[in-house]
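The figures here come from the full heavy-atom set of this structure, side chains too, leaving out hydrogens, waters and symmetry mates. Residue numbers start at 1 and run along the sequence shown.
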Amino acid sequence: MEYTCTVMAIYNLGSINIDYIYGLPHLVTAGETLAATRYDAVLGGKGANQSIAIAKAGGTVFHAGMIHRDDAGWLKPLHAAGVDTNAVLHGDTPTGHAIVAVDDDSDNRGENQIILAPLSNQVLPSALIGELLQTATAGDWALAQNETNLTADFLTTAKARGLNICYSAAPFVVDTTLALLPIIDVLIVNNIEAEALSHATGKPVDQLNIPHLIITHGAAGADYSGMDGKFHIPAVQVAAVDTTGAGDTYLGYVLAQLDQHIPMKTAMQIAAAAAAIQVTRHGASAAIPDMAETQASQPAK
């Protein structure tokens, strides 16, 4: 895997949410009322989760987004992980939030249902793009997801400045994803998003000429296709208790390794080890392991 410039940092325009997490005996079905057996409120959002994962994996990451001016305390996990939040705005719109239901006890233990209220994540001003990228240089990475506005504008601007583009097409938005395909360097999607992309384009995703494509399949591992060939990286088998944020952990770890010139196959193996640890704990960002713990979990070679 080759890049034209020395990579120094990752710039993430990403969502910041408050996750309201409810542990349940089983996931709620239509018309059912169910009492939670546990509750927590923690920092979340795909963008924030991915920035924390990048930082814990050893990457240098600058995060831009928006929260309500009274919610600055929710940024503490980002600060503790080493994420630069100077480009996070504090405004009048309520901070985005998610209601996360987690199956704690049934045969589907660890699976979740999520209701997302984007709120401040969808009112980012266009000036934020320049503020985030003011220290970026050619060869750095730009990362975005579909939980904020400005995704396409941000990644297009970053590409024009010579940055490598990593895109997390989640939640899947057809028009945005199709518009960005020509500029993406690394696309990481789960199997459901991959199927949606294939349907939208009328082609198998591995025939879309994406330089580096990773499709994650949860406990079934991940598939790669692109400039480094085609291969499968199995997941580390563990007893999952909460899969919330596992994909974000995986992406953050992959990108942090690529940023440090680690080969793709090795990057995916390290990411699989990190995600395996993350799903054995409750929560999303709070459950992400650091690099030392991840390396210690891998078998000696």
Applying a strict under-4.5 Å side-chain criterion to I, L, V, M, F, W and Y, I'd like to know whether Trp141 and Leu128 cluster together. no
If the threshold is 4.0 Å, N to carboxylate O, is there a salt bridge linking Lys159 and Asp185? yes
Is Asn191 reaching over with its side chain to a backbone N or O of His217, donor-acceptor style, under 3.5 angstrom? no
Quick check: do Val61 and Leu255 have side-chain heavy atoms less than 4.5 Å from each other? no
Of the options Glu111, Arg109, Glu32, which is the one that meets His26 in a side-chain contact (heavy atoms from CB on, under 4.5 Å)? Glu32
May I ask you to check whether Gln145 and Asn12 show a side-chain donor-acceptor distance below 3.5 Å? yes
Any chance you could measure Asn112, atom CG, to Asp104, atom CG, to the nearest 0.5 Å? 11.0 Å
Out of curiosity, does Ile188 fall in the hydrophobic cluster containing Ile215 (side-chain heavy atoms, cut-off under 4.5 Å, transitive links)? no
Does a side-chain N-to-carboxylate-O contact under 4.0 Å join Arg281 and Asp242? no
Please indicate whether Leu178 has more than 12 foreign heavy atoms, meaning atoms of other residues, nucleotides or ligands, lying under 6.0 Å from its CG. yes
Given Leu143, Ile183, Asn146, Leu181, the one that forms side-chain contact (heavy atoms from CB on, under 4.5 Å) with Tyr167: Asn146
Search all heavy atoms of Thr294 against all heavy atoms of Ala273 and return the closest pair with its distance. CG2-CB, 3.9 Å
For atom NE2 of His199, is the number of surrounding heavy atoms from other residues, nucleotides or ligands below 6.0 Å larger than 12? no
How about Trp74 and Ile67: do any of their side-chain heavy atoms sit closer than 4.5 Å? no
Main chain of Pro118, side chain of Asn121: is a donor-acceptor contact present, judged purely on distance under 3.5 Å? yes
Report the relative orientation of the aromatic rings in Tyr20 and Tyr39; use parallel for angles under 30°, tilted for 30 to 60°, perpendicular for over 60°. parallel
